[in-house]
Amino acid sequence: MKLCRYDHDRIGVVRDGRIFDASAALDELPPLHWPVPYGDQLIANLDDLRPNIEAAADKSTPRALADVTLKSPVANPSKIIAAPVNYRKHLDEAKADAEIHHGTKIKTIDDAGLFLKSTSSLVGAGEGIAMRFPERRNDHEVELAVVIGKQGDRIPRARALDYIAGYAIGLDITVRGPEERSLRKSVDSYSVLGPWMVTADEIASPGNLDFRITVNGEVRQQSNTSYLIFDIPKLIEYASSFYTLNPGDIIMTGTPEGVGPIAAGDEVVAWIDGIGDMTVAVRNA
Ligand code: MN
């Protein structure tokens, strides 16, 4: 199932490039009381709600994707976890380009571990990227994003895939400069997730997916998730060895070589095999 969120907090199922409204199924979510648990309530209840979502979609009149504003398919992640330098060739380019490394020693993921992006930086494809520092270099990074489906702590590699609700395209937009990664990558709208979440049952081999990103039609990055240094089970095992993963937590798995600048007026199109195309407009904030 391709599950999307759009317009004013509606959810829909995407079938053959059209959206079927399934918002009626949200009425089945259990009520929340303060303090609400960490994580995304819809993702946490997705297995139970899925028949209701499909049934609601069956009854609705489809709309064209172009007629709606796509939001992040995850509304309330407790964490956006991201992997630095998790493709060998990106490591090489980061070491070679002073505009990327800014004099800091580039470590491998084995040494650097993971970092967090602010949840307030998260937007969907239809909301676009709003540049805050147009005088500085701002780069695109396209990544396979993993959405965690249930709470887990110290998850062993062998069970890691059981914790995945689905997959989406992630854009980890980055201001280059000397500051900490978590600051430079947490600007409002600098984490794009979408265009929808494809449930895990529809992605048989997440470790072997072609993907690419174009800017104004020019291919900038093109790779396959088989080149990940820390693969998806290892990322989940490693992340959960430090912190509890909650339903709706997002793991941006890292970007391959070819990162490059974007600016207001650009049109970014990212694609991942089995997920689809995501078009994102860039503007000044
Ligand atoms: Mn990244």
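Whatever order the structure lists them in is the order used to number ligands and atoms, beginning at 1.
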Which of these, Leu122, Val146, Ile148, sits in a side-chain contact (heavy atoms from CB on, under 4.5 Å) with Ile250?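 Only one of Leu122, Val146, Ile148 forms a side-chain contact (heavy atoms from CB on, under 4.5 Å) with Ile250, namely Leu122.
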Taking 2.8 Å as the limit, list every protein N, O or S atom around the Mn ion (ligand 1), by chain and residue number.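 Protein N, O or S atoms closer than 2.8 Å to the Mn ion (ligand 1): Glu141 OE1, Glu143 OE2, Asp172 OD2.
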Between Arg63 and Asp7, is there a salt bridge with N-O shorter than 4.0 Å?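 Yes, Asp7 and Arg63 are salt-bridged.
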Quick one, Leu193 and Pro73 - any side-chain contact, counting heavy atoms below 4.5 Å?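 With C-beta onward as the side chain, the pair touches.
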With a cut-off of under 6.0 Å to the ring centre and 45° to the axis, is Lys185 in cation-pi contact with Phe115?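 Not satisfied by the 6.0 Å and 45° rule.
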Given the rule in the side-chain hydrogen bond (donor to acceptor under 3.5 Å, both in side chains) test, do Ser186 and Ser118 qualify, once you have shown the distances and angles that lead to the verdict? CA-CA 5 Å; Ser186 288; Ser118 165; 4.9 Å; no
Suppose we screen for side chain to side chain donor-acceptor pair (under 3.5 Å). Which residues come up paired with His90, at least two apart in sequence or across chains?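 So His90 forms a side chain to side chain donor-acceptor pair (under 3.5 Å) with Glu93.
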